[in-house]
Structures are given as structure tokens and as C-alpha cells.
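This one's a predicted model, so the numbers in the text were calculated from it and none came from an experiment. In what follows, chains carry the letters A, B, and so on, assigned in the order in which the sequence lines appear, proteins first and then strands, with residues in each chain numbered from 1. Hydrogens, waters and symmetry mates play no part in the numbers below; they use all other heavy atoms, side chains included.
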There are 2 protein chains.
Amino acid sequence: MVSDDSNLHPEPSGKMPAEINGLRMTRQRWETYRLLMTQKDHPTANDVFRRIQKRLPNISLATVYNCLEALVKHGIVRQVNFDREPSRFCPNLAEHGHFHDESNGSIHDVTFKPGIDLSEVLDLPEGTVITDIELTLRGKLPTTKI
Amino acid sequence: MVSDDSNLHPEPSGKMPAEINGLRMTRQRWETYRLLMTQKDHPTANDVFRRIQKRLPNISLATVYNCLEALVKHGIVRQVNFDREPSRFCPNLAEHGHFHDESNGSIHDVTFKPGIDLSEVLDLPEGTVITDIELTLRGKLPTTKI
DNA sequence: CGGGAACCTAGAACGATTCCAATTCCTGGC
DNA sequence: GCCAGGAATTGGAATCGTTCTAGGTTCCCG
Ligand SMILES: [Mn+2]
Ligand SMILES: [Mn+2]
Ligand SMILES: [Zn+2]
Ligand SMILES: [Zn+2]
């Protein structure tokens, strides 16, 4: 269920583009974006901070927060919240929910069965405008291979 | 879509029962429960704290948090999270999601159309165990009467 | 080359929630 | 009823993810 958006966003392995979605790229934003595209395990801001230091030893945590906020605001990545835990970040822009596997803490993207429109199965009054849907699940996936 | 659970939980207007769902009732827990059952607008812990002082002038915020946590742990009320905002609390135990009306900040329960089982429309591997589903929407309801 | 805006950074500040230690309240057994 | 032990409540301190602030750096454009 990986949509081919290679023509929408630049390859994270190529050269840094001048901008993405109207957001001017900087070294720090580009590396943040690259990291999320490469390691799609829904890292927290702090995870990103620790991992990104290999490439940008002088980056600050505040900058990681700034970059993530900028990327989210421009619709380049998504912010995912589980209860009151630290926010996580996801580069998958397709409509999907998140499954939190409690047996090992991993988080997985969940899509809907073909032909399903979530807004269609909801009991909402005529004329309701939905700007955002967030679906989170908790449980255990089968045959959990750590 | 209001399920008749009047036989499951005591009337919040009656006498304080010795316990609910195995949770021993105290003055503070009972008033917290009553308040949530009476004012179903999904108040935050702080909202509960401010409102409950009319009946319990000496209650502390820590106690409100303690009571809410106890009620949640015993499945008497539910905790609802919107992004990183303060948690809200909901006495509706039926399966439902939450619609956040951005035009006035109000929060409304959302049920599914009859016959819909949310776990059935998800693309999950065989054998997945779902222990909890959380659905939150943002948008505008029609003809918003402030 | 400058000048101004946008960015980055370190550290302080914030705020919802949790923790802590002391006090008060309950309850079951005498 | 009265007491001891456990549970609950309380006010204040601590926590911790996130946001804010102030100063330094870089980028953009003329
Ligand atoms: Mn959530
Ligand atoms: Mn949420
Ligand atoms: Zn995702
Ligand atoms: Zn609700």
C-alpha cells in the first residue's frame, strides 16, 4: 500500500531542492525530511534529534522542533499523537490510521479496505465539513517478530 | 443514539452507592462522576476542578486528577485526547468517536452508521487483536448556533 | 559588498500531569 | 463505640515535552 509519490516530493537521496511545497529548504529541514523519509518508524522529535546528530552535530533540539513544525505546516509530513505521549512524525501522506502494537511499542500505518471512505460510515448531520480525521488503534499484531 | 445504561450505572441524582464497577465510591469520586454524567460537554480536568468546587469547596486539583484516573481505570468514564491539548473526559461508554467543531471549540460524540463495525473496514493482518480504537475528527458542523 | 529578513541555537519558561510526604478519612474487628 | 491499618485526599514540588526568547548566523537581492 505504498503510493507512488516519487513525482510529488524529491528523492531524499538526491540533491537538496530549493524548496518543497513552498517551504524553503535549509540544511536542517532537508536532513529532517530525509530522516523521516528514510526511517519510517514514526520517531519522536527527540528520536529525530538523536539520529540527526550523525549528520548535523551542531543542530539543536529547538531547531528539530522548528523543522518538524515547518514540515507539518506545509503538509510535507504528518504529526501523530498517541494519547499524551510525545508526538511522532510520519512521512506517509496517504489517508491512513496508526496501530500501536503494545507488545513491542512499534507503530504501523493502517489503511482502509478498498472502496471504504471513512467519512461515509459516520453518522454526521448533512453539511458537516470534515477537515481532518485521525484514527489510532491499540492492540497486538499476530506473530510479532520483534 | 443514546444507549439505555440506566441499569448499569447508578443515577447521578440518587444516593451515593458503595461502589461502581468495583471502585469504592468516595465523596470526591462520586461528585466527579455526577458532574461528568450531568455535563456531557467533555470537560478537562481543570474544568471539572472549577465546576466541582461549588459542591466540594476544599477539593484539590490533584484529587480531581486522582478521581478521573480511578474512574477511567475502572471503565466508568473515558479519557479523550485531541492532539496535545489537555485531556477531556466523557461518560459515554458506547463505541463512538469525537468531532471537534473548530468554529466554536465544542466537542460532539460521533457514532457510526447502523451495521458498521470499524474494525471490519480496516486493512489489518489476520489475527490482529484490537484492544482500543480512537477516532477524532476536526471540522465544522452545519448551522452552528453558537 | 551592505541591509533586512529568515534561520538557527542555547537556555529559560510554560503548562498539563504526576509525584511526594503529611494529614485525614474509612472500615473491619474488638 | 473505639482503634489500628490501609486507602484517599491535599498542597506543593517535580517532571518533561514543548514553546518562547534573545542573540548570533546565514541567505537573498539589489
Ligand atoms: Mn491520539
Ligand atoms: Mn487524538
Ligand atoms: Zn503513519
Ligand atoms: Zn464522548
Start with the C-alpha gap between A:Leu135 and A:Val110, add the side-chain angles, then the distance that decides, and say whether side chain to side chain contact (heavy atoms under 4.5 Å, CB included) holds. CA-CA 9 Å; A:Leu135 177 65; A:Val110 177; 5.6 Å; no
Position toward the 5' end of DNA chain C (nearest nucleotide), B:Arg27 or B:Ala45: B:Ala45
Would one find a side-chain N or O of A:Arg24 under 4.0 angstrom from OP1 or OP2 of C:dA6? no
Nearest atoms (heavy-atom pairs only) where B:Thr26 meets B:Met16: O-SD, 3.4 Å
Could I get the full list of side-chain contact (heavy atoms from CB on, under 4.5 Å) partners for A:Glu102, not counting sequence neighbours? A:His100, A:Arg138, B:Thr131
Can you measure B:Trp30 atom CH2 to C:dC26 atom P for me and round it to whole angstrom units? 16 Å
Answer with base, sugar-phosphate or nothing: what part of the nucleic acid does A:Thr44 contact at a heavy-atom distance below 4.0 Å? nothing
Going 5' to 3' on DNA chain D, which nucleotide is the first and which the last to come under 4.0 Å of a heavy atom in chain A? D:dG17 to D:dC27
Could you check B:Cys67 against A:Asn46 and say which one's nearest nucleotide on DNA chain D is further toward the 5' end? B:Cys67
Run A:Ser106 and A:Asn104 through side-chain hydrogen bond (donor to acceptor under 3.5 Å, both in side chains) and show every step you take. CA-CA 6 Å; A:Ser106 63; A:Asn104 60 11; 2.7 Å; yes
Please tell me if the side chains of A:Arg78 and A:His96 come closer than 4.5 Å, counting only heavy atoms from C-beta onward. yes
Atom CD of A:Glu69 and atom C1' of C:dC7: how far apart are they, to the nearest Å? 13 Å
I need the CZ-P distance between B:Arg29 and C:dC25, as an integer number of Å. 16 Å
Same apolar cluster (I L V M F W Y, side chains within < 4.5 Å links), A:Phe82/B:Val129: no
With heavy-atom distances below 4.5 Å as the criterion, would you say the side chains of A:His9 and A:Pro91 are in contact? no
Side chain to side chain contact (heavy atoms under 4.5 Å, CB included), paired with B:Ser87, selected from B:Val80, B:Thr44, B:Asn81: B:Asn81
Please check if the number of heavy atoms outside A:Lys15 that lie under 6.0 Å from its NZ is greater than 12. no
Integer-rounded Å distance: C:dT18 C1' and B:Leu68 CG: 14 Å
N/O to N/O distances under 3.5 Å, protein versus nucleotides 9-11 of chain C:
| from | atom 1 | to | atom 2 | distance (Å) |
| --- | --- | --- | --- | --- |
| C:dT9 | OP1 | A:Asn58 | O | 3.1 |
| C:dT9 | OP2 | A:Ser60 | N | 3.4 |
| C:dT9 | OP2 | A:Thr63 | OG1 | 2.5 |

